[in-house]
Each structure stands twice: as structure tokens, then as C-alpha cells.
Engineer: 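Following this message is one structure expressed as C-alpha cells.
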2 protein chains.
Amino acid sequence: MTVTLADVAARAGVSAATVSRVLNGNYPVAGTTRERVMRAVNDLEYVVNGHARALAAATSDLVGVLVNDVADPFFGILASAAQTEIGRGSEHGGGKLAVVCNTGGSPEAELNYLTLLQRQRAAGVILTGGAVEGTEHTHAVADKLARLAADGTKVVLCGRPPLPPDEFSGEESALENDDAAAVTTLAFDNRGGARRLTEHLLTLGHRRIGYVTGPANRTTTRDRLDGHRSALADGGLAVTADRLTVHGDYSRASGYDATLELLRRDPDLTAVVAANDTIALGACAALRERGMRIPQDVSVAGFDDLPFSIDATPALTTVRLPLHEAGARAGRLVMGLESPPPGGVATVRAELMARASTAPPAFA
Amino acid sequence: MTVTLADVAARAGVSAATVSRVLNGNYPVAGTTRERVMRAVNDLEYVVNGHARALAAATSDLVGVLVNDVADPFFGILASAAQTEIGRGSEHGGGKLAVVCNTGGSPEAELNYLTLLQRQRAAGVILTGGAVEGTEHTHAVADKLARLAADGTKVVLCGRPPLPPDEFSGEESALENDDAAAVTTLAFDNRGGARRLTEHLLTLGHRRIGYVTGPANRTTTRDRLDGHRSALADGGLAVTADRLTVHGDYSRASGYDATLELLRRDPDLTAVVAANDTIALGACAALRERGMRIPQDVSVAGFDDLPFSIDATPALTTVRLPLHEAGARAGRLVMGLESPPPGGVATVRAELMARASTAPPAFA
DNA sequence: AAACGCATAGCAAGCGCTTTCTATGAGGTT
DNA sequence: AACCTCATAGAAAGCGCTTGCTATGCGTTT
């Protein structure tokens, strides 16, 4: 049924070794022989068995890309960019196969997929998006990553903080430390971006600023909230920050609900800052429904600068994260096409994009 | 370095066969033995080598999902839903690994990825999005799919028309026909949806309707344009259709440019129909920039009903494609969790979503 | 008490490929 | 003319796992 190396060898009248060599091109083979083999390969439509090859050569052409949800443009863009770099050269047999895995943000699912990838002896793994902290599996994930790195799998974190320095003691400690160092990190400047965003609102004159954030134990949530808080605190508004912060889940619906809740807490709110653009959209919908104009009555700001933000009306003020570049860089790093930053950690800048959805508050 | 089955066997004091059986749970093993083995597995942190397993058992736990671009929500949603079904049960060792591949819509890239997947002896392949017709590689893709199906790989087409019935003659013809039948198709009712959309505009009273379409040789483009055309033709407006159709590439930018071009061709246009929502967003931007109000001056409609459509202002009239459901179904089909529709082809309904961006034209 | 069946476990033969080591012959050397 | 070198090809040993077949020992059956 399936054509094997041996079949090709037989038809070409050579040994299997020779066919393998022609295919891999890493050993001298006479021109005429090579031709004969190639003809046989084409005649038989032979396609090498990747598993057999992987087993024999102890290499793999799979790279895992873990995302919360491909359907979310934030991750879609990251994954798309990474995938392009990973697949680069697959026309010439170079390049690898990117396995995009939806984890839904759960460390449990992450762990699962990591094990699956470990099974396939993946050449590399990229983890995108913030990490969840403090669950039972969180440690397990870090351990697994260390183990993968130790086994030669390239690990790249994109959009999450570096692995914590080894918290263990005991005989394995030194080893694990080294492994952690083998993990490259592309951290996003969530804190700085959020800070600049809130400062922008403060500068415009806002004082009653509501904040809609994401799930509590996520690094991304924490960092963005921290940035927001510190900006407010510097403006002497620490209390506002506490009173006007509502947790959601990064979805449009939660942005909608949370905004209604904020309005309940302070009907005279002049600005709503959302932890991401999707939430911001929900916020806009809620405000509009309440008959409030943006930005005349209430300013709204998001985070990420996803493509649709520019098409919101009014165009959304947000913080731009160079997702495409970051994803591509992660892809290159995992493929070893780019040398890791010194210390293994690079921070990706977040840039304020002041647009039409924010304006000075009306003091009616 | 790496722990193998033999290591586990040694530590548990049993044969490799027994360990394998414990792990696969498809052969009776005494409780005490099983426990001993499991302890060894845990102690050693053993993870089976997927390649070795795949080779020995001639099975694979990879499923390919080919998309034009994960960053595009249309594909992101499809892929996400499919992936969820494919990975379902991976906690218990069930489920497979979804490999999402960006083809950029090029048959050449499709062919490449299909070969890569064939190498890995993928258990299944899902192709999403319209097909490109008439290129040299188009046939090659169909052939490759037939070959994969013949080799036992489940093939599911999602959002593209069924494989053409075998056009070859010759000794292999019968065989290939069978293979084509083994391919399951989830076709989208692009034609019907487009038709209903344009009828909606016609019913509202529009007569000067512009159309912004996608790249020429794509099945999706063709079908949607066909639907639009036939609706216009039935309204006696065939000429309008020809004059007011501009080709783009499904991007926001091309929607913007094309709309400007339409306005040039007919400044008194009362409606713009876009071949997808992204184009529609570009159209809105162009119109707004020209100082035209939507829908008072010009109505705008899209296609797909991507999540952001509802947040456009005004909310976008469009045609809803149940992408999530379709993707999930494709996933189930490729996993054999759902029996294929009779004839191997099912059509996914497209539903008109009349919203605020379309209204009767003002006859000023 | 002899014969049998069943539940478990092990043996060993691959799965299809890579790669080390060895063989062979042509061409060059002294 | 005897010897060495280099280029090229083959033989064969795995890579780590699954699985058909074969043992082994116990509880049963008559």
C-alpha cells in the first residue's frame, strides 16, 4: 500500500542507504545514481515517513505554539506571525510544522499540550499570552518547561514574564537553574503601557476613571492593573482606583456588564479604561446604550490595538503592542534563526495610540 | 538522557511489552503489576516517544488544519472550533494534536503543507476557506487529497466546494473516484447568502448597488458574486452588476480603495455590498471620509458576520455564517466522531442579518 | 487425579528510516 | 608494477515502541 524507502531502493537498484542519502543530501552520491533515485522517487510518489525519520535521526520537525484561543485576534496575530517564521523554507524541505494549541488560558491544558508535544519530541515550543499564577498546575508548567529545555527543546515565552528563578532547593536545583536560563522570554511592557494610558487620561483632566480588568490571577491582568494603579496613585487617586475597578474576563460581554456596574458605582464617571480592546468595545456598547456619547460624555480606552480598534467609532484610543513583530520574533527565536537577547529576556515596547475615543472631560 | 520504555520496564521488573500494555490499556494486566509499572513511570517521569509509537502502531495523533491566515477571525474561529473538537479528550490521552497551517490561500503552500502532513502520516486533514481555481497546483492539490484519502487520512473540506468528480481517464480513474467520495465536504451557501443579501437591498429600494469582491479565481469570490449577480439580474439590473463590481482582496484596505473607485464610477450610488465584513469596514471608512452618512446616504453590507460587525457603527448588515459550528463539525468529522452526511456533502446555511447599516435609499 | 481453560506475562519480530563502519574499484603515486 | 587515496555504495545495527504468538501457572471440570 504505502511506498517505503526500500521500494524506492529496489526500483532504483540501489541500497536503502543510498536513497536516504540522496534524500537528505548530506553525503556524496554520484550524479547518475542520484538521478536514478530521484526518478524512482517520483515514479513511486514516495513521501518519507516522518515518524520513522524522527525516530532514527532523533529529530523532529514540529514546533508547538500555545495560545489561549486562536479565534481571538490577539493570539491569532501572534500565532500567524510565528507560524510564518516557523514554516519558512518548508518549500525547500527546511522549516518546521507549527502546532497551534488552544489552551483557553488554563495551566492544566497547557500542561497537557506540553506533554503531548514532549511525546512528539517537539523541536521547540512557544507559549503566548499571560500566565496564570498561583494554581497547582502553575508550578508544574514551569517544571515541564524546564524539563523540555533540558531535553533540548527550545522554549520561548511571548507575552508572559520570564520563568521565576528556581524556587527549589535540593540536589537538582543547579540543573534547573540552567534550564530556566535556556528559556527565552519576550515580555510585553504591559505595566508601562497601562501607566502611560492612564496618564494620558489624567493629563486630559479626567479624575473619575473606571477600570475594567481581566481575570484576577493572570500576569497580564496584574501588570496592566498595576500600571493603571500606579499612575492614579501618582495623581493622588489611589482610592479611585480601588473603588472603580471591576474584574471581567477579557470578553466583550464582560466589558459591557462591567461598564454598567461602573456606572452604578459612579454615575458621574468621565472615563473608562479597559484592560483590552475587546472589553473596550463592550464598554462602548454599554455607554452608547445608556445614551452617553463617546468621548463627549465619557472617554474610553483599550489595550492591544487590535485591527478593529481603528474602525470603532470613534476610533479607539489604545496601547499598541507590536503583536506581529513579537510573534515573528518568537518564531525566529524558537527556530534558532535569531540569537536570544542578552540574559534571555527582551521587553517589547507598548506604545500609546491616542485617538478619538478620549478627550478632555466636559465639566457640565 | 531520555527515559525509554525499557528503563521503565527494568525499574518495574517487567518486560517492555507489559509496560506498553499498561500504558495503552488494551490488554489485561494484573492490578499489582499495573501499579508497579505506573509507579516506575511516575518515578522516572517517563513520556512515551510519539514517533516510535506512531511507527510501530502505524497510527498518528496529528490532524492538519489548513487555513488562509489564522490572524483573520474568519479562519481563527473556524480553526479554534475545529481544534477544540480535535483536542477533545487529550486530558485522558484521547484526542489528537491539531496542526494549524497558514497557507495564505496559495495552492502551492497548500500542497506543501499537505506533503508535510503526509510525511507525518496525519490522521486527518481539514481544509478551510475557498479554493483557488485554475492554477497549475489546483489539480495537484486535488490529487494529493485523493491520495491522502486513499492512504486512510480523513479529509474534510470546510467552506470550499466538493472535490470535482474525477476528470481523469485511464486505469486509475475508478480508484480515484472512490477516493474523492471518501472526502467529506461542508460547503458554505455563499451563493444563496449573497443572493438574499442583495435581494434585501433591492427590496429596500436600492437600484444603484456597488459590489466589492475578492480575488478573481477563488470559489468563495465567485459564488458570492454569482449570488449578487443573479439577484440583480432577476431585478433587471444585470448591467449595473457588471459596471459596479470592483475586485479587491478581502482586506480592509482594498475595501477602502474599491469604494472610492465605485464612487468614481457612480457618485450617486446608494449602496455598497462587500464580499466580506472586513471589506465592508474599509468601505465604511471611505464613505465616512467622503462625508457620506451610513445608512442615510449610502447603505453598506458585508458577509460572514464576524464578531466585530455588531460593533461597527452603525451595526453592519451582513450574512451570518455559523463559523463556530462549522469548524466544530469539521473537527468532529475528521475525528470520526460524527458520521458524514449522505453523499459526503453538507451545505451550511447562510443567514441574512439585517442591521442598521442598510436602510431605504433617500431619494433626494 | 488427570486434563483443560483462562488470565497474565514475556519473546521477538518488526515499523521505516538513519548512520557508522566496511567494502570496492578507479585513479594517482613512487 | 605494487601501493595508497579518495569517492562512492552497501551491510547492518539500531531508534523506541507495538503486538502476534508463545509460555506459565493457577483454578476448574469430569
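All chains are named by letter (A, B, ...) in the order of the sequence lines, taking the proteins before the strands, and each is independently numbered beginning at 1.
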Engineer: Would you please confirm or rule out a distance under 4.0 Å between OP1 or OP2 of D:dA9 and any side-chain N or O of A:Ser15?
Structural biologist: no
Engineer: I need the B:Thr2 OG1 to B:Asp7 CG distance, nearest 0.5 Å.
Structural biologist: 9.0 Å
Engineer: Between A:Thr18 and D:dT8, does any side-chain N or O lie under 4.0 Å from OP1 or OP2?
Structural biologist: no
Engineer: Nearest whole Å is fine: how far is C:dG10 C1' from B:Leu5 CG?
Structural biologist: 14 Å
Engineer: Counting only side-chain heavy atoms from C-beta out, which of D:dT18, C:dT8, C:dT18 sits nearest to B:Ala30?
Structural biologist: C:dT8
Engineer: Checking contacts here: which listed nucleotide (C:dT19, D:dC17, C:dG10) is nearest the side-chain heavy atoms of B:Arg21?
Structural biologist: C:dG10
Engineer: Look at the side chain of B:Asn49 and decide which nucleotide, out of D:dC21, D:dT18, D:dC17, has an atom nearest to it.
Structural biologist: D:dC17
Engineer: Walk me through it: do A:Leu5 and A:Val48 pass the test side-chain contact (heavy atoms from CB on, under 4.5 Å)?
Structural biologist: CA-CA 7 Å; A:Leu5 236 211; A:Val48 33; over 6 Å; no
Engineer: Given D:dC17, D:dG10, C:dG16, identify the nucleotide with an atom nearest to the side chain of B:Ala52.
Structural biologist: D:dC17
Engineer: In this structure, how many angstroms lie between the P atom of C:dG16 and the CG atom of B:Asp151, rounded?
Structural biologist: 12 Å
Engineer: How many angstroms lie between atom CZ of B:Arg332 and atom CD1 of B:Ile86, to the nearest 0.5 angstrom?
Structural biologist: 11.5 Å
Engineer: Looking at C:dC17, C:dA9, D:dT18, which one has an atom nearest to any side-chain atom of B:Tyr27?
Structural biologist: C:dA9
Engineer: B:Gly13 or A:Ala17: which one's nearest nucleotide on DNA chain C is closer to the 5' end?
Structural biologist: B:Gly13
Engineer: Determine whether the side chains of B:Thr18 and B:Ser15 contain a donor N or O and an acceptor N or O closer than 3.5 Å.
Structural biologist: yes
Engineer: Looking only at the side chain of A:Tyr46 (C-beta and beyond, no hydrogens), which of the listed nucleotides C:dG16, C:dG14, D:dA11 gets closest?
Structural biologist: C:dG16
Engineer: Starting at the 5' end of DNA chain C and moving along, which residue's nearest nucleotide shows up first, B:Gly31 or B:Leu55?
Structural biologist: B:Gly31
Engineer: Can you tell me which nucleotide in C:dT8, D:dT18, C:dC17 comes closest to the side chain of B:Ala57?
Structural biologist: D:dT18
Engineer: With rounding to the nearest 0.5 angstrom, report the CZ to CD distance, B:Arg88 to B:Glu85.
Structural biologist: 4.0 Å
Engineer: With a non-hydrogen cut-off below 4.0 angstrom, is B:Ser20 in contact with a base, only sugar-phosphate, or nothing?
Structural biologist: base
Engineer: Nearest of D:dT19, C:dC17, D:dA9 to any side-chain atom of A:Thr4?
Structural biologist: C:dC17
